[in-house]
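Heads up, the thing below is written out as structure tokens.
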Amino acid sequence: MVKTAGTKPLFRDKKRRVWEVDFLRGVAVLAMCFDHFMFDCSHPWSFFSNFFDVENAFAQKLYSFAEWYWKSSWNYVSGFRFWGHAVFIFLFLFIVGMSCAFSRDNARRGALCGVAAFVFTGISFVCKALGFMSHGVIFGILDCIAMSILIVTALDNLTKWNKYVNLYAPLVVGVIIAAFAISKQSWFGVVHDTEFIDEHFLGYIFGTNAFGDDWFGLFPYIGFVFLGMYWGKAAYSKRASLLPRLDGKWNKPFTFVGRHALITYFIHQVIIAGLIIVIGLCMGYSL
């Protein structure tokens, strides 16, 4: 474990954290929050029984925008949400890979993320039982991150016998996965099963089949993590910011969210739903 002159590990020392990594992670997490906010706004009847009976120009325009936003998910050519979602997912998982290059205890990080994924899956099925979710989470973003961290770490350990192999192996694997995904058009997603199929269970994990809310099969998404691992090793070999002069108070809201990404992931939906309900009630809507 790399330490500072004191006793704090490098990746826990706020004074030596690479601010742009926390910043970009924060941007990606806030984009996720906006995405989920738009989803909730595109389904106002899930919150308010009289939504279409109350005339409120602001609420109607917000609903129309959110509906347009989500419909753009299916436009592979010019869909705003489709390409925006792809960019921020790439960014988020790329940062996961970079963090693997900084950390000296990725096995622990992967295990903790796996526990969080298990807890979140349980919560999702409680929400499904209560009618708040359609299917629950079978293999979501946390599951994908946990397994990706462990797999990337395994490759890193297997290639430590040579520094050049260790540096370039993640790049080679990431590019191969990306090329395969493009050739098979898996960037554009796979058809989601409308019900859970036992025979497709491994497919849900590896990415050949899809089922559930918040689904992220390993392929092609693990490729982003491999590419991030390479960039973290190549560009941040000294584990220091490349842009120290740009650091300042202006980025603190983003870096704060970036440092607390997991907590934000767990609580953001509750906060979003609470805000929508409170504001809606003030506008005259009823539950």
Side-chain angles (χ1 to χ4, degrees), residues 28-76 79-89 92 116-145 188-197 204 209-217 257 260-287:
V29 170
L30 290 174
M32 173 200 68
C33 293
F34 172 78
D35 192 64
H36 291 172
F37 174 70
M38 285 291 98
F39 178 82
D40 288 347
C41 289
S42 68
H43 295 75
W45 53 86
S46 299
F47 298 93
F48 309 111
S49 59
N50 65 338
F51 179 78
F52 294 106
D53 299 326
V54 177
E55 293 186 6
N56 184 288
F58 173 78
Q60 291 295 334
K61 287 181 179 180
L62 181 59
Y63 163 64
S64 297
F65 176 78
E67 187 180 39
W68 166 83
Y69 173 83
W70 270 90
K71 284 183 177 178
S72 71
S73 301
W74 315 114
N75 190 333
Y76 299 156
F80 176 81
R81 195 259 172 184
F82 175 83
W83 290 107
H85 183 259
V87 168
F88 283 108
I89 287 298
F92 187 69
F118 180 79
V119 172
F120 189 78
T121 294
I123 293 173
S124 75
F125 277 93
V126 172
C127 292
K128 176 180 180 295
L130 296 175
F132 297 132
M133 297 183 72
S134 300
H135 303 292
V137 175
I138 297 298
F139 196 83
I141 187 68
L142 291 181
D143 302 89
C144 181
I145 290 173
F188 304 111
V190 296
V191 177
H192 278 63
D193 293 339
T194 56
E195 61 181 19
F196 184 85
I197 300 175
Y204 300 146
N209 301 92
F211 175 77
D213 301 299
D214 187 47
W215 172 83
F216 285 89
V257 173
H260 301 89
L262 186 60
I263 295 175
T264 304
Y265 183 82
F266 268 90
I267 68 174
H268 78 282
Q269 279 285 34
V270 175
I271 294 175
I272 290 172
L275 287 174
I276 290 175
I277 290 173
V278 170
I279 294 173
L281 292 175
C282 293
M283 289 181 174
Y285 295 102
S286 59
L287 301 178

To check you understand the geometry: which heavy-atom pair defines the closest contact between [X] and [Y], and what is its length?
X    : Y    : answer
G212 : W215 : O-CB, 3.9 Å
F125 : I138 : CZ-CD1, 3.6 Å
A117 : L142 : CB-CB, 3.6 Å

So, using ring-ring contact (aromatic ring centres under 6.0 Å, His included) as the criterion, who are the partners of F88 when residues are at least two apart?
none
Should [X] and [Y] count as side-chain neighbours, where that means a heavy-atom distance under 4.5 Å?
X    : Y    : value
K71  : F80  : no
F266 : I123 : yes
C144 : F139 : yes
V29  : F92  : yes
F37  : H268 : no
I89  : F216 : yes
V137 : D143 : yes
Y285 : F47  : no

Chi angles and distances behind the ring pair (Phe, Tyr, Trp, His ring centres under 6.0 Å) call for W45, H43
CA-CA 6 Å; W45 53 86; H43 295 75; 5.4 Å; yes
S286 backbone acceptor or donor facing N50 side chain under 3.5 Å
yes
Would you give the length of the straight line joining atom [atom1] of [X] to atom [atom2] of [Y], rounded to the nearest 0.5 angstrom?
X    : Y    : atom1 : atom2 : result
I272 : I267 : CD1   : CD1   : 10.5 Å
C41  : F34  : SG    : CZ    : 9.0 Å
Q60  : F52  : CD    : CZ    : 7.0 Å
L62  : I276 : CG    : CD1   : 8.0 Å
H135 : T194 : NE2   : OG1   : 7.5 Å
W70  : H85  : CH2   : NE2   : 7.0 Å

Keeping to residues at least two apart or across chains, list the salt bridge (charged side-chain N to carboxylate O under 4.0 Å, His left out) pairs with something in residues 35-48.
D35-R81
Any salt bridge (charged side-chain N to carboxylate O under 4.0 Å, His left out) involving residues 269-287? Give me the pairs, sequence neighbours left out, ordered by first then second residue.
none
